[in-house]
Amino acid sequence: MPELPEVEVSRQGITPFMVGETVMRVVVRNASLRWPIPSEIQELVGLTITAVRRRAKYLLLETDWGTAILHLGMSGNLRILPHGSVAGKHDHVDIELSNGQLLRLNDTRRFGCLLWTREPAEQHKLLIKLGPEPLTEDFNGEHLYQRSRKRKIAVKQFIMDNHVVVGVGNIYANEALFSAGIHPQQAACDVNETDYQALASEIKKVLARAITQGGTTLKDFTGSDGKPGYFVQELQVYGRAGEPCRHCGGLLSEVRMGGRSTVFCPLCQPKCSG
DNA sequence: CGAGGGACCTGGTTGC
DNA sequence: TGCAACCAGGTCCCTC
């Protein structure tokens with residue numbers, strides 16, 4: 001479910017309900033997420049949330065004494081609800097706040113996580129090696145070009161590598177490569193600097209656009225207010241294999257790369273040699 | 001170091 | 001209708 005835009009939409013949705021509030025209670029119904037939720041998560045109780053930040057697809061609930069690190073995995077979903085709301089299936093955690101609201105984590109597949117760290121979150125093992133945020137100036141075509149010189153993997157898998165740039169998941173990798181006119185199976189080291197500038201630009205564009213549209217609802221993603229995202233209506237290639245390209249009218253192709261569905265237009269995204 | 005694949009989970013869809 | 005196989009938005013971690 002959540003790629004970077006969905007996580008950012010969730011962050012924006014929960015922030016006004018959380019910042020400045022004190023945690024009254026942390027209810028863990030099922031601690032077995034990707035990693036067990038540590039018992040130290042209870043240190044949150046009595047602390048005030050000073051900020052809700054995002055690094056890559058991790059949400060950081062900050063306090064003066066530590067940070068809760070939250071990841072939504074493939075199927076995670078956050079809701080803001082009143083105290084006492086009846087929990088349903090896969091509602092694994094509630095963080096109850098002093099304003100009478102609670103943050104509820106629902107995660108069907110349990111690929112998400114909820115961790116606690118007293119160090120600056122950026123120093124955490126999961127965050128310290130991450131590449132630049134795609135929507136900052138640190139991420140640009142030159143960065144992609146420099147980092148790709150010795151990489152023989154396909155350009156699609158290259159841009160989905162969190163050490164290269166964070167937040168580019170399967171949907172938006174497909175979309176950005178289409179918009180930049182680059183074949184997803186092109187070796188990363190064979191893409192020239194001009195094409196990487198276009199690719200970086202399209203990654204920024206597609207992510208920013210998806211955020212303003214409330215994310216991409218495929219199956220069941222909703223923002224923290226329960227509203228779906230609308231970006232799905234703007235998808236050019238993802239989920240459209242066999243359908244006509246919206247640019248040239250040719251049929252879109254599908255291949256599997258690293259186990260992930262990859263859709264592209266063979267005419268608009270030519271594979272160059274060398 | 002880079003590349004590739006399995007692992008973690010549930011549930012919806014597809015096909016026999 | 002039943003059941004098995006396959007697929008899904010992520011990414012860590014192990015091997016080669």
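Proteins get letters first, then strands, A, B, ... in listed order; numbering begins at 1 in each. Here the structure is a predicted model, which is why all the values come from computation and not from measurement.
Relative to the side chain of His90(A), the nucleotides dA8(C), dA3(B), dG11(B) differ in distance, and dG11(B) lies closest. Among the nucleotides dG9(C), dG2(B), dC8(B), the one closest to any side-chain atom of Phe111(A) is dC8(B). With distances taken from any side-chain atom of Ile153(A) to the nucleotides dT10(B), dT11(C), dG4(B), the minimum falls on dG4(B). Listed nucleotides: dA8(C), dA3(B), dC12(C). Nearest to the side chain of Arg256(A): dA8(C). Nearest nucleotide to the side chain of Arg110(A), out of dG2(B), dC9(B), dG10(C): dC9(B). Out of dC12(C), dA3(B), dG10(C), the shortest distance to the side chain of Arg151(A) is found at dA3(B). When distances run from any side-chain atom of Ser261(A) to the nucleotides dA8(C), dG10(C), dT10(B), the shortest one goes to dA8(C). Checking dC12(C), dG11(B), dG9(C) against every side-chain atom of Thr108(A), the shortest atom distance belongs to dG11(B).
Donor-acceptor pairing under 3.5 Å is lacking for the side chains of Asn162(A) and Lys129(A). Trp116(A) and Glu43(A) form a side-chain donor-acceptor contact under 3.5 Å, judged by distance and modelled atom types alone.
Atom CD1 of Ile37(A) and atom P of dC9(B) are 14 Å apart (whole Å). Taking atom CH2 of residue Trp35(A) and atom C1' of nucleotide dC13(C), one finds them 10 Å apart after rounding to whole Å. For the pair Asp107(A) CG and dT10(B) P, the computed distance is 11 Å after rounding to whole Å. As rounded to whole Å, 15 Å separates atom P of dT10(B) from atom CG of Asp91(A). A straight line from CD1 of Ile159(A) to C1' of dG10(C) spans 15 Å, rounded to a whole angstrom. Taking atom CG of Leu207(A) as the reference point, atom C1' of dG9(C) lies 13 Å away to the nearest angstrom. What separates CD of Gln213(A) from P of dG9(C) is a distance of 21 Å, to the nearest Å. At whole-Å resolution of the value, CZ in Arg260(A) and P in dC7(C) are 13 Å apart.
Within the 4.0 angstrom heavy-atom criterion, only backbone atoms of the sugar-phosphate kind lie near Lys125(A); the bases stay farther away. Residue contacts shown for Phe158(A) are absent, as no nucleic acid heavy atom lies under 4.0 Å away. Among the protein residues, Leu33(A) comes within range of no part of the nucleic acid, since none of its heavy atoms lies under 4.0 Å from any strand.
Looking only at distances, a side-chain donor or acceptor of Thr262(A) sits under 3.5 Å from a matching main-chain atom of Arg260(A). Thr63(A) places a side-chain N or O within donor-acceptor distance of the main-chain N or O of Gly66(A), the cut-off being under 3.5 Å. The backbone N or O of Asp107(A) lies less than 3.5 Å from a partner atom in the side chain of His92(A), making a donor-acceptor pair.
Using P as the reference atom, dT11(C) and dG12(B) are 23 Å apart when rounded to the nearest Å. Between dC6(C) and dG6(B), the distance separating the two P atoms is 13 Å to the nearest Å. Taking atom P in both dG5(B) and dC7(C), the straight-line distance is 15 Å, to the nearest Å. With both ends at atom P, the span from dC9(B) to dC3(C) equals 25 Å, rounded to whole Å.
Between Tyr58(A) and dC12(C) there is a side-chain N or O to OP1 or OP2 distance below 4.0 Å. Distances shown here put a side-chain N or O of His71(A) below 4.0 Å from the OP1 or OP2 atom of dT11(C). Close to dG9(C), at under 4.0 Å from its OP1 or OP2, lies a side-chain N or O of Tyr238(A). Under 4.0 angstrom from either OP1 or OP2 of dG2(B) there lies no side-chain N or O belonging to Lys150(A).
Judged by Watson-Crick or G-U wobble contacts below 3.5 Å, the nucleotide dG12(B) has dC6(C) as its partner.
Mapped onto DNA chain C by nearest heavy atom, Leu130(A) and Arg109(A) fall at different nucleotides, with Arg109(A) at the one closer to the 5' end. Taking the nucleotide of DNA chain B with the nearest heavy atom to each of Lys89(A) and Ala154(A), the more 5' of the two is matched to Ala154(A).
For the pair Arg54(A) and Tyr58(A), the cation does not sit on the ring face, since its NZ or CZ is not both under 6.0 Å from the ring centre and inside 45° of the axis.
Ring pair Tyr172(A)/Phe231(A): centre-to-centre distance below 6.0 Å.
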